[in-house]
Amino acid sequence: MKVLALGGLAVLTLVSGGCGYHVEGHDSVLPTTLKTIYIPAWTNASVKFKLTDSLPQDITREFIARTKYKIVTKPEGADAVLTGTVLKYRASPAIFDPSTSRASVVECEVTLSAKLVDRATGKTLWENGYFTFHQRYEISSDPTTYFEESDPAMARLSKEAARALVSGILSNF
């Protein structure tokens with residue numbers, strides 16, 4: 001009977017105490033008082049101008065879809081401000097058509113910098129000064145069926161960057 005009681009106690013201890021395992025970066029370091037975030041237009045230090053138009057919108061959508069934070073339209077009503085810069089844009093041929101020796105696929109690389117700051121204290125809550133995203137798109141070899149794919153590629157890249165940025169903030173990476 002004593003062995004059964006000790007065995008039961010061991011099982012109860014394991015079940016109630018947990019194993020101590022957790023995913024690193026899972027606990028947010030964002031203050032619990034943080035309720036609202038302002039996301040202004042991003043700064044552009046690159047040659048690609050349209051990306052700065054879509055990034056704040058995609059980041060806003062990501063926050064709304066995945067978090068409890070309210071995104072506000074004026075900095076005065078925000079607990080924190082998320083600013084960002086498109087640091088670099090580069091596009092280069094990735095695949096060449098063997099019959100024409102012309103590029104048939106282009107790879108884009110965009111480098112971003114972002115920072116979330118507590119508006120009241122000026123304290124940086126999260127920052128990533130340099131993260132890079134890649135996106136490929138095809139170039140038609142036939143001018144009559146040509147469809148400009150770079151804009152849809154930048155839209156995909158913007159959504160991917162927004163997901164990664166919000167994930168980084170939420171997981172403290």
Side-chain angles (χ1 to χ4, degrees), residues 12-92 94 106-137 148-173:
L12 181 60
T13 302
L14 285 174
V15 171
S16 65
C19 63
Y21 173 80
H22 71 282
V23 177
E24 185 65 36
H26 180 66
D27 296 330
S28 177
V29 296
L30 297 178
T32 56
T33 56
L34 180 66
K35 305 285 186 234
T36 58
I37 300 173
Y38 171 63
I39 305 171
W42 277 39
T43 305
N44 190 0
S46 77
V47 295
K48 190 71 169 176
F49 65 94
K50 290 184 180 181
L51 192 56
T52 53
D53 295 342
S54 59
L55 267 168
Q57 294 169 357
D58 288 335
I59 293 166
T60 296
R61 284 189 196 100
E62 229 13 70
F63 267 113
I64 290 169
R66 295 176 52 191
T67 72
K68 63 183 185 320
Y69 300 116
K70 182 179 178 186
I71 306 303
V72 295
T73 57
K74 295 183 180 173
E76 297 82 26
D79 299 322
V81 178
L82 177 65
T83 58
T85 301
V86 176
L87 299 172
K88 180 176 75 169
Y89 170 83
R90 183 183 58 83
S92 57
V106 172
E107 179 163 301
C108 300
E109 177 182 288
V110 175
T111 304
L112 309 172
S113 171
K115 182 191 290 191
L116 182 67
V117 176
D118 184 302
R119 195 177 70 80
T121 65
K123 177 183 172 193
T124 298
L125 302 173
W126 177 89
E127 182 173 17
N128 189 331
Y130 193 86
F131 55 112
T132 303
F133 298 92
H134 298 267
Q135 189 65 234
R136 286 186 171 194
Y137 65 90
E148 177 59 42
E149 179 65 22
S150 66
D151 287 344
M154 288 301 97
R156 291 189 304 270
L157 190 139
S158 177
K159 286 176 181 29
E160 176 188 338
R163 278 190 301 272
L165 188 139
V166 171
S167 292
I169 291 170
L170 297 177
S171 64
N172 194 30
F173 285 118

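Hydrogens, waters and symmetry mates play no part in the numbers below; they use all other heavy atoms, side chains included. In this chain, residues are counted from 1 in sequence order.
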Practice prompt. Could you pull out the closest heavy-atom pair between Leu125 and Pro31, with the gap in Å?
Written response: CD2-CD, 3.9 Å
Practice prompt. Provide the closest heavy-atom pair for Glu62 versus Val166 in the form atom of the first, atom of the second, distance.
Written response: CB-CG2, 3.6 Å
Worksheet item: Any side-chain heavy-atom pair from Glu109 and Thr132 closer than 4.5 angstrom?
Response: yes
Worksheet, complete the sentence: Between Tyr137 and Ala153 the two heavy atoms that sit nearest each other are CD2-CB, 3.7 Å
Discussion item. Tyr130 vs Leu87, test: side chain to side chain contact (heavy atoms under 4.5 Å, CB included). Steps then yes/no.
Written reply: CA-CA 8 Å; Tyr130 193 86; Leu87 299 172; 4.1 Å; yes
Worksheet item: Does the side chain of Asn128 reach to within under 4.5 Å of the side chain of Ser113, using non-hydrogen atoms?
Response: no
Item to complete: First locate atom CD1 of Ile59, then atom OG of Ser158, and finally report the distance between them rounded to the nearest 0.5 Å.
Response: 7.0 Å
Item to complete: Please confirm whether the backbone N or O of Trp126 pairs with a side-chain atom of Thr124, one donor and one acceptor, at under 3.5 Å?
Response: no
Check residues 37-45 and write down every donor-acceptor pair under 3.5 Å in which the side-chain atom is one partner and the other belongs to a residue at least two apart or another chain.
| from | atom 1 | to | atom 2 | distance (Å) |
| --- | --- | --- | --- | --- |
| Asn44 | OD1 | Ser46 | N | 2.8 |
| Asn44 | OD1 | Ser46 | OG | 2.7 |
| Asn44 | ND2 | Lys48 | O | 2.9 |

Item to complete: Taking all non-hydrogen atoms of both residues into account, name the closest pair between Asp118 and Ala120 and its distance.
Response: OD1-N, 2.9 Å
Quick one: side chains of residues 73-85, donor-acceptor pairs under 3.5 Å with protein atoms, not counting sequence neighbours, listed by atom name and distance.
| from | atom 1 | to | atom 2 | distance (Å) |
| --- | --- | --- | --- | --- |
| Asp79 | OD2 | Lys35 | N | 2.8 |
| Asp79 | OD2 | Thr36 | N | 3.0 |
| Asp79 | OD2 | Thr36 | OG1 | 3.3 |

Discussion item. Between Leu55 and Leu112, does the side chain to side chain contact (heavy atoms under 4.5 Å, CB included) criterion hold? Intermediate values first, please.
Written reply: CA-CA 10 Å; Leu55 267 168; Leu112 309 172; 3.8 Å; yes
Worksheet item: Hey, does Cys108 have a side-chain heavy atom less than 4.5 Å from the side chain of Met154?
Response: yes
Practice prompt. Please test Tyr69 against Ile64 for side chain to side chain contact (heavy atoms under 4.5 Å, CB included), starting from the C-alpha separation and ending with a verdict.
Written response: CA-CA 7 Å; Tyr69 300 116; Ile64 290 169; over 6 Å; no
Worksheet item: Any side-chain heavy-atom pair from Lys123 and Val117 closer than 4.5 angstrom?
Response: no
Practice prompt. Determine yes or no for a side-chain-to-main-chain donor-acceptor pair under 3.5 angstrom, with Ser171 supplying the side chain and Ser167 the backbone.
Written response: yes
Discussion item. Let's go through Thr111 and Phe133 carefully: what are the C-alpha distance in whole Å and the side-chain angles of both, what is the deciding distance for side chain to side chain contact (heavy atoms under 4.5 Å, CB included) to 0.1 Å, and is it a yes or a no?
Written reply: CA-CA 6 Å; Thr111 304; Phe133 298 92; over 6 Å; no
Practice prompt. Write out all pairs satisfying salt bridge (Lys or Arg N to Asp or Glu O under 4.0 Å) with one or both partners inside residues 154-166, taking only residues at least two apart or from two chains.
Written response: Asp58-Lys159, Glu149-Arg156
